[in-house]
Amino acid sequence: NQARRSYFATVGDRSVAEVADFYRAAFVEKGWTVQEVNETKPSEVRIDARRGQGSCNVLVQKQAQKVAIYVSIAGQV
């Protein structure tokens, strides 16, 4: 039985690229392996990372005047 947690936040003073860069660097700093970064749209970046038996998916998305951040974590992290 894997635990799954989800989080949501918004920031108003950063770009999608800045937020995505922050998450990429933070994952590496905390010992995660960034498996995939999908930047197919300028208004959206998806990041998939793993550490041990855990996985994390981050969606960074431009919404009106804010940048929305959706984080989903599964497994033991």
Side-chain angles (χ1 to χ4, degrees):
N1 187 5
Q2 283 196 354
R4 182 172 290 277
R5 297 177 299 276
S6 296
Y7 303 92
F8 172 76
T10 60
V11 293
D13 59 346
R14 298 284 183 256
S15 70
V16 168
E18 287 173 313
V19 174
D21 287 345
F22 169 82
Y23 273 92
R24 273 191 287 252
F27 277 132
V28 171
E29 182 180 306
K30 300 292 183 186
W32 289 76
T33 300
V34 176
Q35 293 187 303
E36 183 177 350
V37 177
N38 185 335
E39 301 176 84
T40 55
K41 301 177 189 174
S43 62
E44 182 177 295
V45 175
R46 293 178 185 271
I47 302 168
D48 295 326
R50 289 198 151 278
R51 183 173 69 182
Q53 296 300 309
S55 65
C56 185
N57 308 98
V58 178
L59 171 62
V60 181
Q61 189 175 62
K62 181 72 175 162
Q63 294 183 347
Q65 301 302 313
K66 297 179 181 175
V67 173
I69 305 159
Y70 300 89
V71 178
S72 178
I73 301 171
Q76 300 292 324
V77 292

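Quick caveat, the model's predicted, so the values are computed rather than measured.
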Residues in ring-ring contact (aromatic ring centres under 6.0 Å, His included) contact with Tyr70, at least two apart in sequence or another chain
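Residues passing ring-ring contact (aromatic ring centres under 6.0 Å, His included) with Tyr70: Phe8.
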Looking only at non-hydrogen atoms, find the nearest pair between Gly54 and Trp32 and report the distance.
O-CZ3, 4.1 Å
On a heavy-atom basis, the closest approach of Ala20 and Val45 is CB-CG1, 3.8 Å
Would you say Arg24's side chain and Val37's backbone share a donor-acceptor pair under 3.5 angstrom?
no
From the options Arg4, Gln35, Arg50, select the one residue that forms a side chain to side chain contact (heavy atoms under 4.5 Å, CB included) with Ser55.
Arg50
Pick one: which of Val19, Ile73, Val71 meets side chain to side chain contact (heavy atoms under 4.5 Å, CB included) with Val58?
Val71
Quick check for you: to the nearest 0.5 Å, what is the distance between [X] atom [atom1] and [Y] atom [atom2]?
X     : Y     : atom1 : atom2 : value
Ile69 : Thr10 : CD1   : OG1   : 7.5 Å
Ser6  : Asn57 : OG    : CG    : 9.5 Å
Lys62 : Lys41 : NZ    : NZ    : 15.5 Å

Going hydrophobic residue to hydrophobic residue with side-chain gaps under 4.5 angstrom, can you get from Leu59 over to Val67?
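No, because Leu59 and Val67 fall into different hydrophobic clusters, even though each may have its own neighbours under 4.5 Å.
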